[in-house]
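Comments concern the structure below.
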Amino acid sequence: HVQLVESGGGSVQAGGSLRLSCQATEDTYSPTCMGWFRQGPRPSMREGVAISYDDGTRTVYADSVKGRFTIPRDNAKDTLFLQMNSLKPEDTAMYYCAADARSWPASLWLLRWVYSYWGQGTQVTV
């Protein structure tokens, strides 16, 4: 059973930076699609933020974070990061790591139903 363990959340002032980490606990699990979602006050507000595909060779970002967030991936350590710079109050949310081993067209990568595995979430407050 694959588990995704997130870390790195916290509180930061507007304009600051945070780096989130997500590690898959099963060494043999090689997700094709891995990324970050965030959720506001209601469950229906969980939105895709940044996705890494094919070991990080392809990425996609939500328009709201382009130019501010990046999604580095350390495949040797089965770890995904979310580097968040120039943070804004509207970035405040619970951030979730998600992963799936299936192949998907790029148009679907930011949709939450694509993903089979989810982390427990880490809070980011700006």
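This structure is a prediction, so every number in the text was calculated from the model and none was measured. Hydrogens, waters and symmetry mates are skipped; everything else that's a heavy atom, side chains included, is used.
Atom CD1 of I71 and atom CE of M34 lie 8.5 Å apart (nearest 0.5 Å). Rounding to the nearest 0.5 Å places OG of S21 at 12.5 Å from CG of L4.
Linking Ile, Leu, Val, Met, Phe, Trp and Tyr residues whenever their side-chain heavy atoms come within less than 4.5 Å places V124 and L82 in a single cluster.
Listed by chain and number, the hydrophobic cluster partners of W118 are F37, I51, Y53, V60, M94, Y96, W104, L108, W109, L110, L111, W113, V114, Y115, where partners are ILVMFWY side chains within reach of under 4.5 Å, directly or through others.
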Inset, instruction - Evaluate side chain to side chain contact (heavy atoms under 4.5 Å, CB included) for L20 paired with T122, printing each intermediate quantity in order. - result: CA-CA 8 Å; L20 306 183; T122 185; 4.1 Å; yes

Inset, instruction - Test R73 against T79 for side chain to side chain contact (heavy atoms under 4.5 Å, CB included), laying out the working first. - result: CA-CA 6 Å; R73 188 165 171 174; T79 302; over 6 Å; no

Legend entry - Evaluation steps, side chain to side chain contact (heavy atoms under 4.5 Å, CB included), between D100 and Y117: CA-CA 6 Å; D100 196 87; Y117 298 102; 5.8 Å; no

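Listed by first and then second residue, the disulfide (SG to SG under 2.5 Å) pairs involving residues 52-96 amount to none (not counting sequence neighbours). The list of side-chain hydrogen bond (donor to acceptor under 3.5 Å, both in side chains) pairs with a residue in residues 32-41, not counting sequence neighbours, reads R38-E47, R38-S64, R38-D91, R38-Y95, Q39-R46. Applying the salt bridge (charged side-chain N to carboxylate O under 4.0 Å, His left out) test to residues at least two apart or on different chains, none of the pairs has a partner in residues 12-25. For the disulfide (SG to SG under 2.5 Å) condition, no pair includes a residue of residues 43-90, sequence neighbours left out.
In this view, R58 satisfies the side chain to side chain donor-acceptor pair (under 3.5 Å) rule with no residue, not counting sequence neighbours. V12 is linked by a side-chain contact (heavy atoms from CB on, under 4.5 Å) to L18, L87, V126, counting only residues two or more places apart in sequence or in another chain. Under the rule for a disulfide (SG to SG under 2.5 Å), the partners of C97 that lie at least two apart in sequence or sit in another chain are C22. For N85, the side chain to side chain donor-acceptor pair (under 3.5 Å) test picks out S17, Q83, with sequence neighbours left out. Looking at residues two or more places apart in sequence or on another chain, you find a side chain to side chain donor-acceptor pair (under 3.5 Å) between E6 and Q120. S86 is linked by a side-chain contact (heavy atoms from CB on, under 4.5 Å) to R68, counting only residues two or more places apart in sequence or in another chain. With sequence neighbours left out, the ring-ring contact (aromatic ring centres under 6.0 Å, His included) criterion links Y61 to no other residue.
Counting heavy atoms of neighbouring residues, nucleotides and ligands inside a 6.0 Å radius, atom CD of Q13 does not exceed 12 of them.
In terms of modelled atom types and a separation under 3.5 Å, the side chain of T125 and the main chain of T92 share no donor-acceptor contact. Side-chain atoms of D54 do not come within 3.5 Å of backbone N or O of T57 as any donor-acceptor pair.
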